[in-house]
Colleague: 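Before we start, here is the structure in question, set down as structure tokens.
These numbers come from a predicted model, not from an experiment. Counting convention: from 1, in listed order, for ligands and their atoms alike.
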Amino acid sequence: MNDTKQQWFKDAKYGLFIHWGLYALLAGEYKGQKTDRIAEWIMNYLNIPVEEYRKLAADFNPVDFNADEIVRKAKEDWGMKYLVFTSKHHEGFAMYNSPCNDYNVVKATPYGKDILKQFRDACTKYDMKFGFYYSQAQDWDDPDGFMHTRDNSGKNFQRYLDEKCKPQLRELLTNYGEISLIWFDTPMGISIEQTQELIDLVKGIQPNCILNGRTGNHMGDYMTTGDNFIPRLPYEGDWEVPATVNDTWGFNKFDNNWKNPDDIIRMLLKISSRGGNYLLNIGPDALGNVPQGCVDVLDEVGRYVNDNSEAIFGTKRVGLYPYELEWAQFTQKDYKLYVHILQPRLRVELLNVANNVKEVYLVKDHSPLPYMVGKVCEGDSVIEVELPKELHEKKNYAICVEMEEKEPIFEDLKG
Ligand code: H79
């Protein structure tokens with residue numbers, strides 16, 4: 001079982017992923033050719049030569065960028081608890097001041113300011129846990145970094161690790177205060193020994209910094225699911241789902257396929273219910289603006305999260321309830337079963353829940369709700385909660401069933 005031993009991560013449930021790099025300038029299109037794939041992979045997918053791609057840095061000047069405003073919104077409006085920012089994606093470009101490598105935002109761009117530092121400071125101000133993404137194996141700029149879909153056999157990967165990856169990790173872990181998490185990605189052919197070198201380096205500088213599931217050879221501190229994949233069942237231990245709001249991580253001007261807020265709320269609750277965290281991505285454009293379509297979705301989800309935060313943060317994995325409920329998701333704390341109601345209903349019928357009930361209330365304002373505990377004609381236990389008229393047409397709110405018992409008692413189905 002994966003155990004990060006970090007209570008903040010177990011309680012966090014909802015975080016902000018930010019993918020931002022030179023690929024934002026291309027925004028899904030290079031020399032008239034569009035990519036219908038994840039936009040941060042454009043250098044790989046459209047075979048852009050290193051020297052051509054490097055020229056993008058001269059155009060990077062995000063005059064609209066405001067880290068404070070993004071982090072304030074993430075914390076206050078969206079209800080998120082932690083932030084993970086791409087310090088260096090596969091393209092190889094550092095979005096921070098990297099003394100060991102000039103291909104970075106401070107040295108190589110007209111903008112000239114450290115982006116990571118600005119996120120770091122804003123996270124301190126708004127009390128957000130802060131971590132960074134670092135592509136430890138793929139580096140399409142370094143001749144010895146791996147590149148997926150290419151022949152990597154002639155490379156001296158150890159040299160890349162020793163001369164770029166590890167020095168940069170040292171900089172990131174030394175110059176930016178507390179780093180709560182490192183998000184490694186696409187470990188490819190990294191060996192067990194090389195993975196251990198990275199782990200020792202990180203823990204030697206910041207012992208409380210946790211590592212995601214893609215550190216290499218399954219040696220990280222928690223399980224990372226596939227991008228945009230949610231485990232079918234409750235999953236034990238610490239884990240996280242990295243996910244997009246549209247169909248790309250880095251900004252793509254052609255992708256406005258924003259998910260519906262109802263669907264994001266449902267996914268957040270499924271993930272919380274099954275015991276994991278939801279790390280949801282934004283991809284700012286080349287000027288530093290977060291696409292309005294994305295902001296609108298996150299604002300709407302945030303209203304749900306903030307109204308019902310008691311029923312999301314600090315909750316624990318729920319056992320397997322025997323019925324599929326289209327209209328609800330469960331979360332739980334000790335002595336409390338939360339029922340998130342996602343479709344309009346007149347009453348809540350919790351069939352095969354056998355707890356003794358102390359009280360039922362609406363999470364948003366703690367107003368008590370009338371309920372009945374008993375058995376249906378077939379003999380199965382049931383808790384029935386009456387909903388007030390003003391809720392009958394509403395969706396997306398939570399109620400709390402306070403139980404005499406610490407855990408919900410779900411009865412098995414019997415023949
Ligand atoms: O950082 C984000 C992605 O860039 C990264 N993980 C998230 C968090 C990621 N790495 N790999 N992948 C996602 C999937 C790779 C898909 C590929 Fe392809 C399919 C690589 C080659 C074929 C898509 C299509 C990218 C290039 C062509």
Colleague: Can you check whether a protein heavy atom sits less than 4.0 angstrom from atom 22 (C) of ligand 1?
Modeller: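 No, because not a single protein heavy atom sits under 4.0 Å from atom 22 (C) of ligand 1.
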
Colleague: For atom 2 (C) of ligand 1, what's the nearest protein heavy atom and its distance?
Modeller: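 For atom 2 (C) of ligand 1, the nearest protein heavy atom is His19 NE2, 3.3 Å.
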
Colleague: Atom CZ of Phe146 and atom CG of Asp151: how far apart are they, to the nearest 0.5 Å?
Modeller: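 If I round to the nearest 0.5 Å, the distance is 11.0 Å.
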
Colleague: What are the atoms of ligand 1, with element, lying closer than 4.0 Å to any heavy atom of His148?
Modeller: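 With His148 as reference, the close atoms of ligand 1 come out as 20 (C), 21 (C).
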
Colleague: Any atoms of ligand 1 less than 4.0 Å from a non-hydrogen atom of Thr186? List them with their elements.
Modeller: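 Once the distances to Thr186 are compared, the set is 10 (N), 11 (N).
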
Colleague: Just to check, does Gln138 reach to within less than 4.0 Å of ligand 1 when the distance is taken from its heavy atoms?
Modeller: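 Distance cut 4.0 Å: Gln138 fails for ligand 1.
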
Colleague: In the protein, which heavy atom is nearest to atom 26 (C) of ligand 1, and how far is it?
Modeller: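 Residue, atom and distance for the closest contact: Trp41 CE3, 3.4 Å.
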
Colleague: If you have a sec, work out which protein heavy atom is nearest atom 3 (C) of ligand 1 and how many Å separate them, to one decimal?
Modeller: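 The closest one turns out to be Glu40 OE2, 3.1 Å.
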
Colleague: Would you name the heavy atoms of Gly288 and Pro62 that are closest together and state the gap between them?
Modeller: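 Minimum heavy-atom separation between Gly288 and Pro62: N-CB, 3.9 Å.
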
Colleague: Does the N or O separation between Asp227 and ligand 1 drop below 3.5 Å for any pair?
Modeller: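 N/O-N/O distance under 3.5 Å: yes.
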
Colleague: Tell me, please, which residues at least two apart from Asn47 pass side chain to side chain donor-acceptor pair (under 3.5 Å).
Modeller: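 Counting only residues at least two positions away or on another chain, Asn47 forms a side chain to side chain donor-acceptor pair (under 3.5 Å) with Arg150.
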
Colleague: Just heavy atoms, cut-off under 4.0 Å: does Thr149 contact ligand 1 by side chain, backbone, both, or neither?
Modeller: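 The part of Thr149 near ligand 1 is the side chain, not the backbone.
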
Colleague: Can you pull out the closest protein heavy atom to atom 24 (C) of ligand 1? Residue, atom name and distance to 0.1 Å, please.
Modeller: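 So the nearest neighbour among protein heavy atoms is Arg37 NH1, 3.4 Å.
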
Colleague: With sequence neighbours excluded, what pairs up with His392 under the ring pair (Phe, Tyr, Trp, His ring centres under 6.0 Å) test?
Modeller: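 Applying ring pair (Phe, Tyr, Trp, His ring centres under 6.0 Å) to His392 gives none.
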
Colleague: Taking only heavy atoms of Tyr133 into account, list the atoms of ligand 1 that are under 4.0 Å away from them.
Modeller: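 Under 4.0 Å from Tyr133, ligand 1 has these atoms: 1 (O).
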
Colleague: Could you check whether Asp11 pairs with Lys129 (Lys NZ or Arg NE/NH1/NH2 to Asp/Glu carboxylate O, under 4.0 Å)?
Modeller: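 No, this pair does not count.
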
Colleague: Out of curiosity, is Ile38 lining ligand 1, as in a heavy atom under 4.0 Å away?
Modeller: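 Yes.
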
Colleague: Looking at His90, which atoms of ligand 1 are within less than 4.0 Å of one of its heavy atoms?
Modeller: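 Close to His90: 10 (N).
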
Colleague: Any N or O on Asp185 sitting closer than 3.5 Å to an N or O of ligand 1?
Modeller: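 Looking only at distances, the answer is yes, because the N/O contact criterion of under 3.5 Å is met.
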
Colleague: Assess the pair Phe119 and Phe65: is the distance between their ring centroids shorter than 6.0 Å?
Modeller: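 Centroid distance Phe119-Phe65: below 6.0 Å, so yes.
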
Colleague: Using 0.5 Å steps for rounding, measure from the CG atom of Asn396 to the NE2 atom of His340.
Modeller: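 Separation between the atoms: 11.0 Å.
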
Colleague: Whether Lys164 and Asp144 form a salt bridge (side-chain N of Lys/Arg under 4.0 Å from carboxylate O of Asp/Glu) is what I want to check.
Modeller: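 The answer is no: the pair does not qualify as a salt bridge.
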
Colleague: Just how far is it from atom NZ of Lys394 to atom CG of Leu342, taken to the nearest 0.5 Å?
Modeller: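 If we round to the nearest 0.5 Å, Lys394:NZ and Leu342:CG are 15.5 Å apart.
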
Colleague: Nearest protein heavy atom to atom 27 (C) of ligand 1, by residue and atom, and its distance?
Modeller: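 Sorting protein heavy atoms by distance from atom 27 (C) of ligand 1 puts Tyr45 CD1, 3.2 Å first.
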
Colleague: First locate atom CG of Leu26, then atom CD1 of Ile42, and finally report the distance between them rounded to the nearest 0.5 Å.
Modeller: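 Output value for this atom pair is 5.0 Å.
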
